[in-house]
There are 2 protein chains.
Amino acid sequence: MANHLDALFAALSDPTRRAVIERLTTGSAPVSELYAPHEMALPSFLKHLGKLEAAGLVRSEKVGRVRMVHIEALPIAEAEEWLKRQRRLWEGRLDRLSALAENIEKDSHDG
Amino acid sequence: MANHLDALFAALSDPTRRAVIERLTTGSAPVSELYAPHEMALPSFLKHLGKLEAAGLVRSEKVGRVRMVHIEALPIAEAEEWLKRQRRLWEGRLDRLSALAENIEKDSHDG
DNA sequence: AAGATGATTAGCCATATGGCTAAGTATTAA
DNA sequence: TTAATACTTAGCCATATGGCTAATCATCTT
(Lines give C-alpha, C1' and ligand atoms only; values in the text may rest on other atoms or scores of the structure.)
Protein backbone atom coordinates (compact mmCIF):
# COMPACT_ATOMS: atom_id res chain seq x y z
CA MET A 1 0.00 0.00 0.00
CA ALA A 2 1.57 3.20 -1.23
CA ASN A 3 0.19 5.79 1.16
CA HIS A 4 0.10 5.10 4.89
CA LEU A 5 -3.47 6.42 4.89
CA ASP A 6 -4.27 3.26 2.93
CA ALA A 7 -3.27 1.01 5.81
CA LEU A 8 -4.81 3.42 8.30
CA PHE A 9 -8.29 3.54 6.79
CA ALA A 10 -8.15 -0.16 5.92
CA ALA A 11 -7.37 -0.95 9.55
CA LEU A 12 -10.40 1.07 10.63
CA SER A 13 -12.76 -0.60 8.15
CA ASP A 14 -13.34 -3.66 10.34
CA PRO A 15 -15.69 -3.74 13.36
CA THR A 16 -13.43 -6.04 15.40
CA ARG A 17 -10.53 -3.65 14.93
CA ARG A 18 -12.60 -0.54 15.70
CA ALA A 19 -13.84 -2.27 18.86
CA VAL A 20 -10.23 -2.83 19.91
CA ILE A 21 -9.45 0.85 19.35
CA GLU A 22 -12.54 1.85 21.33
CA ARG A 23 -11.47 -0.40 24.19
CA LEU A 24 -7.93 0.96 24.16
CA THR A 25 -9.07 4.58 24.51
CA THR A 26 -9.89 3.64 28.12
CA GLY A 27 -6.39 2.31 28.72
CA SER A 28 -3.82 -0.30 27.71
CA ALA A 29 -4.65 -3.98 28.00
CA PRO A 30 -3.10 -7.40 27.49
CA VAL A 31 -4.00 -9.37 24.36
CA SER A 32 -6.09 -11.84 26.37
CA GLU A 33 -8.33 -9.06 27.70
CA LEU A 34 -8.73 -7.41 24.30
CA TYR A 35 -9.54 -10.80 22.85
CA ALA A 36 -12.15 -11.84 25.44
CA PRO A 37 -15.26 -10.12 23.94
CA HIS A 38 -14.65 -11.41 20.41
CA GLU A 39 -16.16 -14.65 19.20
CA MET A 40 -13.38 -15.89 16.98
CA ALA A 41 -10.29 -18.04 17.34
CA LEU A 42 -7.28 -16.33 18.92
CA PRO A 43 -5.08 -16.56 15.80
CA SER A 44 -7.81 -14.80 13.82
CA PHE A 45 -7.94 -12.06 16.43
CA LEU A 46 -4.16 -11.73 16.42
CA LYS A 47 -4.29 -11.03 12.69
CA HIS A 48 -6.54 -8.07 13.45
CA LEU A 49 -4.15 -6.83 16.11
CA GLY A 50 -1.34 -7.23 13.61
CA LYS A 51 -3.11 -4.96 11.13
CA LEU A 52 -3.71 -2.34 13.77
CA GLU A 53 -0.04 -2.46 14.68
CA ALA A 54 1.07 -2.40 11.01
CA ALA A 55 -1.09 0.70 10.51
CA GLY A 56 0.65 2.31 13.50
CA LEU A 57 -2.62 2.63 15.41
CA VAL A 58 -1.38 0.44 18.21
CA ARG A 59 1.88 -0.64 19.81
CA SER A 60 2.65 -3.56 22.04
CA GLU A 61 5.45 -5.04 24.04
CA LYS A 62 5.81 -8.30 25.80
CA VAL A 63 6.03 -8.44 29.58
CA GLY A 64 6.72 -12.00 30.65
CA ARG A 65 4.29 -14.18 28.75
CA VAL A 66 1.78 -11.35 28.42
CA ARG A 67 1.69 -8.83 25.55
CA MET A 68 0.48 -5.38 26.58
CA VAL A 69 -1.17 -3.29 23.88
CA HIS A 70 -1.65 0.46 23.86
CA ILE A 71 -3.15 2.92 21.45
CA GLU A 72 -1.09 5.38 19.41
CA ALA A 73 -2.77 8.77 19.06
CA LEU A 74 -0.97 10.28 16.08
CA PRO A 75 -2.35 8.11 13.24
CA ILE A 76 -5.90 8.69 14.47
CA ALA A 77 -5.25 12.43 14.34
CA GLU A 78 -3.84 12.06 10.83
CA ALA A 79 -6.90 10.28 9.52
CA GLU A 80 -9.06 12.88 11.21
CA GLU A 81 -7.04 15.67 9.59
CA TRP A 82 -7.47 14.24 6.11
CA LEU A 83 -11.23 14.09 6.57
CA LYS A 84 -11.36 17.56 8.11
CA ARG A 85 -9.44 18.97 5.17
CA GLN A 86 -11.82 17.42 2.66
CA ARG A 87 -14.81 18.71 4.58
CA ARG A 88 -13.32 22.21 4.73
CA LEU A 89 -12.44 22.29 1.05
CA TRP A 90 -15.99 21.24 0.29
CA GLU A 91 -17.48 23.82 2.66
CA GLY A 92 -15.16 26.49 1.28
CA ARG A 93 -16.44 25.78 -2.17
CA LEU A 94 -20.04 26.16 -0.95
CA ASP A 95 -19.12 29.53 0.60
CA ARG A 96 -17.62 30.72 -2.67
CA LEU A 97 -20.70 29.55 -4.54
CA SER A 98 -23.05 31.49 -2.28
CA ALA A 99 -20.81 34.56 -2.49
CA LEU A 100 -20.98 34.23 -6.25
CA ALA A 101 -24.74 33.87 -6.06
CA GLU A 102 -24.95 37.08 -4.02
CA ASN A 103 -22.83 38.93 -6.55
CA ILE A 104 -24.98 37.75 -9.39
CA GLU A 105 -28.01 38.89 -7.39
CA LYS A 106 -26.39 42.33 -6.88
CA ASP A 107 -25.40 42.60 -10.53
CA SER A 108 -28.93 41.87 -11.66
CA HIS A 109 -30.12 44.84 -9.56
CA ASP A 110 -27.29 47.11 -10.74
CA GLY A 111 -27.40 46.16 -14.25
CA MET B 1 -20.46 -5.33 6.12
CA ALA B 2 -22.42 -4.88 9.34
CA ASN B 3 -21.67 -1.27 10.23
CA HIS B 4 -21.80 1.44 7.59
CA LEU B 5 -18.48 2.71 8.98
CA ASP B 6 -17.04 -0.49 7.52
CA ALA B 7 -17.91 0.52 3.98
CA LEU B 8 -16.98 4.12 4.69
CA PHE B 9 -13.45 3.48 5.94
CA ALA B 10 -12.93 0.72 3.36
CA ALA B 11 -13.89 3.19 0.61
CA LEU B 12 -11.30 5.65 1.93
CA SER B 13 -8.51 3.06 2.13
CA ASP B 14 -7.65 3.29 -1.58
CA PRO B 15 -5.58 6.13 -3.11
CA THR B 16 -7.60 6.22 -6.33
CA ARG B 17 -10.78 6.67 -4.35
CA ARG B 18 -9.32 9.31 -2.04
CA ALA B 19 -8.07 11.17 -5.11
CA VAL B 20 -11.63 11.18 -6.47
CA ILE B 21 -12.92 12.58 -3.18
CA GLU B 22 -10.21 15.25 -3.20
CA ARG B 23 -11.14 16.23 -6.74
CA LEU B 24 -14.84 16.37 -5.90
CA THR B 25 -14.32 18.81 -3.02
CA THR B 26 -13.66 21.40 -5.72
CA GLY B 27 -16.95 20.64 -7.46
CA SER B 28 -18.96 18.00 -9.28
CA ALA B 29 -17.60 16.36 -12.39
CA PRO B 30 -18.53 13.85 -15.09
CA VAL B 31 -17.07 10.33 -14.90
CA SER B 32 -14.80 10.98 -17.88
CA GLU B 33 -13.15 13.93 -16.13
CA LEU B 34 -12.73 12.08 -12.84
CA TYR B 35 -11.28 9.17 -14.75
CA ALA B 36 -8.76 11.14 -16.82
CA PRO B 37 -5.85 11.34 -14.31
CA HIS B 38 -5.95 7.64 -13.46
CA GLU B 39 -3.85 5.11 -15.32
CA MET B 40 -6.21 2.18 -15.37
CA ALA B 41 -8.96 0.84 -17.60
CA LEU B 42 -12.32 2.60 -17.34
CA PRO B 43 -14.19 -0.45 -15.97
CA SER B 44 -11.62 -0.71 -13.17
CA PHE B 45 -12.13 2.94 -12.35
CA LEU B 46 -15.90 2.51 -12.40
CA LYS B 47 -15.59 -0.16 -9.73
CA HIS B 48 -13.91 2.41 -7.51
CA LEU B 49 -16.67 4.91 -8.17
CA GLY B 50 -19.16 2.18 -7.36
CA LYS B 51 -17.58 1.65 -3.96
CA LEU B 52 -17.61 5.34 -3.20
CA GLU B 53 -21.27 5.46 -4.11
CA ALA B 54 -22.07 2.29 -2.11
CA ALA B 55 -20.40 3.90 0.91
CA GLY B 56 -22.59 6.96 0.41
CA LEU B 57 -19.59 9.23 -0.11
CA VAL B 58 -20.70 10.15 -3.60
CA ARG B 59 -23.87 10.40 -5.65
CA SER B 60 -24.36 10.54 -9.36
CA GLU B 61 -27.01 10.96 -11.96
CA LYS B 62 -26.99 10.58 -15.66
CA VAL B 63 -27.47 13.58 -17.93
CA GLY B 64 -27.62 12.45 -21.53
CA ARG B 65 -24.72 10.07 -22.06
CA VAL B 66 -22.72 11.74 -19.30
CA ARG B 67 -22.83 10.76 -15.62
CA MET B 68 -22.28 13.65 -13.22
CA VAL B 69 -20.79 12.79 -9.85
CA HIS B 70 -20.90 14.88 -6.70
CA ILE B 71 -19.63 14.47 -3.17
CA GLU B 72 -21.87 13.79 -0.19
CA ALA B 73 -20.72 15.61 2.93
CA LEU B 74 -22.48 13.66 5.71
CA PRO B 75 -20.56 10.37 5.61
CA ILE B 76 -17.25 12.25 5.70
CA ALA B 77 -18.46 14.05 8.81
CA GLU B 78 -19.51 10.72 10.34
CA ALA B 79 -16.10 9.16 9.86
CA GLU B 80 -14.53 12.32 11.24
CA GLU B 81 -16.82 12.15 14.28
CA TRP B 82 -15.88 8.57 15.09
CA LEU B 83 -12.19 9.47 15.00
CA LYS B 84 -12.74 12.62 17.04
CA ARG B 85 -14.59 10.66 19.68
CA GLN B 86 -11.79 8.11 19.99
CA ARG B 87 -9.21 10.87 20.26
CA ARG B 88 -11.22 12.66 22.94
CA LEU B 89 -11.81 9.52 24.96
CA TRP B 90 -8.12 8.85 24.87
CA GLU B 91 -7.21 12.45 25.77
CA GLY B 92 -9.82 12.40 28.54
CA ARG B 93 -8.12 9.36 29.97
CA LEU B 94 -4.77 11.15 29.94
CA ASP B 95 -6.37 14.06 31.81
CA ARG B 96 -7.73 11.70 34.44
CA LEU B 97 -4.36 10.05 34.77
CA SER B 98 -2.58 13.34 35.39
CA ALA B 99 -5.31 14.39 37.86
CA LEU B 100 -4.75 11.08 39.62
CA ALA B 101 -1.01 11.69 39.63
CA GLU B 102 -1.58 15.11 41.24
CA ASN B 103 -3.77 13.57 43.94
CA ILE B 104 -1.20 10.93 44.71
CA GLU B 105 1.39 13.69 44.93
CA LYS B 106 -0.84 15.63 47.35
CA ASP B 107 -1.56 12.51 49.46
CA SER B 108 2.12 11.78 49.80
CA HIS B 109 2.62 15.30 51.26
CA ASP B 110 -0.43 15.00 53.58
CA GLY B 111 0.29 11.50 54.76
C1' DA C 1 -27.82 7.09 -41.12
C1' DA C 2 -23.09 6.40 -39.61
C1' DG C 3 -19.59 7.28 -36.57
C1' DA C 4 -17.81 8.90 -32.44
C1' DT C 5 -18.29 9.44 -27.55
C1' DG C 6 -19.23 8.12 -22.78
C1' DA C 7 -20.44 4.76 -20.13
C1' DT C 8 -21.89 -0.13 -18.93
C1' DT C 9 -21.87 -5.16 -18.57
C1' DA C 10 -19.85 -9.70 -18.47
C1' DG C 11 -16.45 -12.43 -17.27
C1' DC C 12 -11.63 -13.72 -16.34
C1' DC C 13 -7.40 -13.57 -13.30
C1' DA C 14 -4.08 -12.92 -9.30
C1' DT C 15 -3.66 -11.52 -4.81
C1' DA C 16 -5.44 -10.05 -0.28
C1' DT C 17 -8.43 -10.77 3.57
C1' DG C 18 -10.61 -12.95 7.33
C1' DG C 19 -11.70 -17.06 9.15
C1' DC C 20 -10.22 -21.85 10.88
C1' DT C 21 -7.37 -25.97 13.19
C1' DA C 22 -3.31 -28.02 14.86
C1' DA C 23 0.93 -27.80 16.81
C1' DG C 24 4.72 -25.25 19.04
C1' DT C 25 7.18 -21.90 22.36
C1' DA C 26 8.01 -19.37 26.49
C1' DT C 27 6.66 -18.07 31.21
C1' DT C 28 4.73 -18.70 35.50
C1' DA C 29 2.44 -21.54 39.08
C1' DA C 30 1.93 -25.73 41.71
C1' DT D 1 9.50 -30.74 37.17
C1' DT D 2 5.12 -30.86 35.62
C1' DA D 3 1.16 -28.40 34.28
C1' DA D 4 -1.20 -24.48 33.02
C1' DT D 5 -1.23 -20.03 30.76
C1' DA D 6 -0.54 -16.80 27.09
C1' DC D 7 0.55 -16.33 23.12
C1' DT D 8 2.82 -17.75 18.29
C1' DT D 9 3.50 -20.08 13.95
C1' DA D 10 2.17 -22.73 10.00
C1' DG D 11 -0.85 -23.74 6.80
C1' DC D 12 -5.47 -24.43 4.83
C1' DC D 13 -9.94 -22.51 2.90
C1' DA D 14 -13.65 -19.40 0.94
C1' DT D 15 -14.65 -15.01 -0.45
C1' DA D 16 -13.53 -10.18 -1.58
C1' DT D 17 -10.80 -6.93 -4.08
C1' DG D 18 -8.62 -4.66 -7.78
C1' DG D 19 -7.05 -5.19 -12.12
C1' DC D 20 -7.88 -6.56 -17.19
C1' DT D 21 -10.25 -7.30 -22.15
C1' DA D 22 -14.06 -7.66 -25.14
C1' DA D 23 -18.45 -6.61 -26.30
C1' DT D 24 -22.65 -3.75 -25.74
C1' DC D 25 -25.72 0.25 -25.12
C1' DA D 26 -27.21 4.95 -25.40
C1' DT D 27 -26.63 9.50 -26.94
C1' DC D 28 -24.75 13.11 -29.43
C1' DT D 29 -22.48 14.92 -33.99
C1' DT D 30 -21.85 15.02 -38.73
Side-chain angles (χ1 to χ4, degrees), chain A residues 1-24 27-71 79, chain B residues 1-24 27-71 79:
Chain A
M1 293 190 258
N3 194 311
H4 80 135
L5 281 177
D6 289 17
L8 204 44
F9 283 124
L12 295 172
S13 73
D14 180 278
T16 297
R17 294 192 294 256
R18 284 198 307 280
V20 169
I21 292 295
E22 285 171 355
R23 163 64 187 80
L24 287 175
S28 303
V31 166
S32 54
E33 186 186 326
L34 294 174
Y35 167 55
H38 301 282
E39 301 207 332
M40 64 178 64
L42 180 57
S44 310
F45 182 77
L46 290 179
K47 278 198 194 173
H48 287 298
L49 269 190
K51 291 218 161 178
L52 287 172
E53 195 147 11
L57 281 161
V58 137
R59 286 198 187 195
S60 69
E61 62 282 331
K62 203 143 182 189
V63 183
R65 66 188 166 182
V66 168
R67 179 172 291 278
M68 286 297 291
V69 184
H70 57 91
I71 205 171
Chain B
M1 291 188 262
N3 194 311
H4 80 135
L5 282 177
D6 288 18
L8 204 44
F9 283 124
L12 295 173
S13 73
D14 181 278
T16 298
R17 295 193 293 257
R18 284 198 307 280
V20 169
I21 293 295
E22 285 170 355
R23 163 64 187 79
L24 288 176
S28 303
V31 166
S32 54
E33 187 185 326
L34 294 174
Y35 167 55
H38 300 282
E39 302 208 331
M40 66 177 66
L42 179 57
S44 309
F45 182 77
L46 289 180
K47 278 198 195 174
H48 287 297
L49 268 190
K51 291 217 161 181
L52 287 172
E53 195 147 12
L57 282 162
V58 137
R59 285 198 187 195
S60 70
E61 64 281 330
K62 203 144 182 188
V63 183
R65 65 187 166 181
V66 167
R67 179 172 291 278
M68 286 297 292
V69 184
H70 57 91
I71 205 170

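Just so it is clear, the structure is predicted and the values come from calculations on it, not from any experiment. Naming convention: chains lettered A, B, ... in sequence-line order (proteins, then strands); numbering from 1 in each chain.
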(request) Report the distance from atom CG of A:Leu42 to atom P of D:dG11, rounded to the nearest whole Å. (result) 19 Å

(request) Please state how far atom NE2 in A:His48 lies from atom P in C:dA16, giving the value in whole angstrom units. (result) 18 Å

(message) So, does B:Lys51 get its side chain near the phosphate of D:dG18, meaning an N or O under 4.0 Å from OP1 or OP2?
(response) yes

(message) Using whole Å, what does the distance between atom P of nucleotide D:dT15 and atom CG of B:Asp6 come to?
(response) 19 Å

(request) Mark yes or no for whether A:Arg59, through its side chain, and A:His70, through its backbone, hold a donor-acceptor pair below 3.5 Å. (result) no

(message) Of the options D:dT21, D:dC7, C:dC20, whose atoms approach the side-chain atoms of A:Pro43 most closely?
(response) C:dC20

(message) Rounded to whole Å, please give me the gap between CG in B:Asp14 and P in D:dA16.
(response) 18 Å

(request) Could you label the plane-to-plane angle of the B:Tyr35 and B:Phe45 rings as parallel, tilted or perpendicular, counting under 30° as parallel and over 60° as perpendicular? (result) tilted

(request) Remember a base hit wins even if backbone is also touched, and classify B:Ser32 as base, sugar-phosphate or nothing at under 4.0 Å, heavy atoms. (result) sugar-phosphate

(message) Rounded to whole Å, how long is the line connecting atom CZ of B:Phe45 with atom P of D:dC20?
(response) 12 Å

(message) Nearest whole Å is fine: how far is C:dT9 P from B:Leu46 CG?
(response) 9 Å

(request) Determine: side-chain N/O of B:Ser44 to OP1/OP2 of D:dC20, distance under 4.0 Å, yes or no. (result) yes

(request) Search all heavy atoms of A:Ala10 against all heavy atoms of A:Arg17 and return the closest pair with its distance. (result) O-NH2, 3.0 Å

(request) To the nearest Å, give me how far apart OH (A:Tyr35) and P (C:dG18) are. (result) 17 Å

(message) At less than 4.0 Å, is any side-chain N or O atom of B:Lys62 found next to OP1 or OP2 of C:dT8? Yes or no.
(response) yes

(request) Evaluate whether atom CD of B:Glu61 has more than 12 neighbouring non-hydrogen atoms of other residues, nucleotides or ligands under 6.0 angstrom away. (result) yes

(message) So which atom in B:Thr16 and which in B:Met40 form the shortest heavy-atom distance, rounded to 0.1 Å?
(response) OG1-CE, 3.5 Å

(message) Measure CG/B:Leu49 against P/D:dT17 and give the value in whole Å, please.
(response) 16 Å

(request) Could you say whether B:Met68 or A:Gly64 is positioned toward the 5' end of DNA chain C, judged by the nucleotide with the nearest heavy atom to each? (result) B:Met68

(request) For A:Lys47 and for A:Arg65, locate the closest nucleotide of DNA chain C by heavy-atom distance; then report the residue assigned to the nucleotide nearer the 5' terminus. (result) A:Lys47

